[in-house]
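Following: one structure in structure tokens, then a few remarks.
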Number of protein chains: 2
Amino acid sequence: MAEASGTARDPEAVSRFVEHFAAQLVEAGLARMPARVFAALLASDAGVLTSAELGEQLKISPAAVSGAVRYLSQVHMVSREREPGSRRERYRVHGDQWYEALTNREAIIKRWEDALREGVTSLGAHTPAGRRLEETLAFFEFVEKEVETMMDRWRAHREKRFGRG
Amino acid sequence: MAEASGTARDPEAVSRFVEHFAAQLVEAGLARMPARVFAALLASDAGVLTSAELGEQLKISPAAVSGAVRYLSQVHMVSREREPGSRRERYRVHGDQWYEALTNREAIIKRWEDALREGVTSLGAHTPAGRRLEETLAFFEFVEKEVETMMDRWRAHREKRFGRG
DNA sequence: CGCTTCTTTCAGAAATTTGTGAAGTTAAGG
DNA sequence: CCTTAACTTCACAAATTTCTGAAAGAAGCG
């Protein structure tokens, strides 16, 4: 079907993957443009693309690219680089760092925990509702700890299977 | 401020918690009405509320309640019960089952994995992009396994700390 | 069986979100 | 410094989502 050999990539095959994977990300709650930009980076051979390349490949305006990458770098799913001696900006998925970011819903979990703690206090720790909130809180605290050790195990697993990036 | 003793609950304190916690859930990607309904259930003493109670407490129409609980039970965050000999429906957060549901983004992860596998094939497993997708896939497969054992550990931890529900 | 009470469905108004074009800003390179 | 290439910001039009009121659909109870 596609001439998958040598150096040329089939842009259609790439696009199919990008749109399909982006759709899954959208379903999981990511906004559309960030999802598409991220998928495009993930599917690029170098793991790096310029704004212009992103805009062209995804058929979106510079403004849309700008908004998407701003979001993505805020949540550390991509990093931006200035290619020296040029005003072109480049965006990169960093193999490692992005799924670390995924599990780093930490900021979010922390806020859940804060809200729950407040609830326990204001509803009363000795009430049934208070106790339910307390248990929920305990769950998140537990998960938080576990995720940390899980990522350690992943890094070990990864190195064994793929070598040090 | 609130008469937090005895039996009466301060509706304002409850509402404050409900809206605050719901806001966090919304930020994490949940739709507004499901978030509010869920928070209300979580903050209720019995862990159970009828449609009418939800509508009244949250100042929303029966239609909105209906839509929210349909979604919530689809993703197993609440269960619905028919109180026998009445056409009142009741909705419950089940202590245990709901955070199991939270970690059961399984369906979603599975679809991510499918999309990634497709990408590996169509971009070529030997290409740089293909290899990146492969590693990402490996990460999700790893997480999937880990989450399972984590939930086992949680159940043990929970029982020790809170007793069997 | 019909009445009544509760829930669901549906069409549409209102609010929100999204993506664009155009103007504005920054910095490289003469 | 001035020009120019690149990115960003902003206001707005379009698309989408959200919630409601109203009508239709179940199911207990007489």
Side-chain angles (χ1 to χ4, degrees), chain A residues 15 18-19 22-41 44 46 48-75 77-93, chain B residues 15 18-19 21-41 44 46 48-75 77-92:
Chain A
S15 175
V18 167
E19 296 306 330
Q24 308 305 317
L25 295 176
V26 167
E27 202 147 336
L30 201 60
R32 181 187 311 279
M33 286 294 136
R36 297 179 70 209
V37 166
F38 182 73
L41 282 167
S44 70
V48 175
L49 293 172
T50 64
S51 296
E53 290 167 331
L54 284 167
E56 188 193 6
Q57 190 182 329
L58 300 174
K59 300 271 188 282
I60 57 179
S61 71
V65 175
S66 176
V69 296
R70 173 170 31 153
Y71 173 80
L72 288 172
S73 42
Q74 262 172 10
V75 300
M77 286 175 68
V78 314
S79 51
R80 48 202 325 163
E81 313 173 343
R82 200 44 156 278
E83 77 187 289
S86 158
R87 59 230 98 151
R88 268 200 189 82
E89 202 99 33
R90 308 179 349 154
Y91 307 100
R92 148 168 287 140
V93 274
Chain B
S15 176
V18 167
E19 297 306 330
F21 190 63
Q24 307 307 317
L25 295 176
V26 167
E27 202 147 337
L30 201 59
R32 180 185 313 277
M33 286 295 138
R36 296 180 69 209
V37 165
F38 182 73
L41 282 167
S44 71
V48 175
L49 292 173
T50 64
S51 297
E53 290 168 331
L54 284 167
E56 187 192 8
Q57 190 182 329
L58 300 173
K59 300 270 188 286
I60 58 180
S61 71
V65 175
S66 176
V69 296
R70 175 170 29 156
Y71 173 79
L72 288 172
S73 43
Q74 263 172 9
V75 299
M77 286 176 68
V78 313
S79 51
R80 48 201 327 164
E81 313 174 342
R82 201 44 157 280
E83 75 186 294
S86 159
R87 64 232 95 151
R88 268 198 189 86
E89 201 99 31
R90 307 179 350 152
Y91 307 99
R92 149 169 285 142

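Because the structure is predicted, anything quoted here is derived from the model rather than measured.
Under the 3.5 Å distance criterion, the side-chain polar atoms of B:Ser73 are matched with a main-chain donor or acceptor of B:Val69.
Checked against B:Tyr91 for a side chain to side chain contact (heavy atoms under 4.5 Å, CB included), the options B:Val48, B:Thr50, B:Leu49, B:Leu54 give a single hit: B:Leu54.
The heavy-atom pair separating A:Val26 from A:Ala35 by the smallest distance is CG2-CB, 3.8 Å. Considering every non-hydrogen atom in both B:Val37 and B:Ala68, the closest pair reads CG2-CB, 3.7 Å.
The side-chain heavy atoms of A:Arg80 and A:Arg90, taken from C-beta on, include no pair separated by under 4.5 Å. Counting heavy atoms from C-beta outward, B:Leu58 and B:Val18 have side chains that approach closer than 4.5 Å.
Taking 4.0 Å as the cutoff to heavy atoms of chain B, we find the contact window on DNA chain C bounded by C:dT4 to C:dT9.
Near DNA chain C, meaning a heavy atom under 4.0 Å away, there are no residues from residues 23-30 of chain B. Across residues 57-74 of chain B, B:Pro62, B:Ala63, B:Ser66, B:Arg70 each have a non-hydrogen atom less than 4.0 Å from an atom of DNA chain C (numbered order).
Of the inter-residue distances, the one linking A:Arg92 atom CZ with A:Ser44 atom OG reads 9.0 Å to the nearest 0.5 angstrom. Between the CD1 atom in B:Ile60 and the CE atom in B:Met33 there is a gap of 5.0 Å [rounded to 0.5 Å]. In this structure, CD in A:Glu83 is found 9.5 Å from CD in A:Glu89, a value given to the nearest 0.5 Å.
When the shell of 6.0 Å around CD of B:Glu81 is examined, it contains more than 12 heavy atoms from other residues, nucleotides or ligands. No more than 12 heavy atoms of other residues, nucleotides or ligands sit less than 6.0 Å from atom CD of B:Glu56.
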Provide a list of protein-nucleic acid N or O atom pairs under 3.5 angstrom, restricted to nucleotides 26-30 of chain D.
from	atom 1	to	atom 2	distance (Å)
D:dC29	OP1	B:Gly85	O	3.2

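Sorted by first and then second residue, the pairs that involve residues 27-38 of chain B and meet salt bridge (charged side-chain N to carboxylate O under 4.0 Å, His left out), not counting sequence neighbours, are A:Arg111-B:Glu27, B:Glu19-B:Arg36.
Contact between the side-chain N/O atoms of A:Arg80 and the OP1/OP2 oxygens of D:dT8 is found at a separation under 4.0 Å.
As rounded to whole Å, 13 Å separates atom P of D:dA15 from atom CZ of A:Arg32.
Relative to the axis of its first five pairs, the axis of the last five pairs of the helix from C:dC1-D:dG30 to C:dG30-D:dC1 sits at 20°, rounded to 10 degrees.
Using a 4.0 Å heavy-atom cutoff across all strands shown, A:Arg36 reaches no nucleic acid atom at all.
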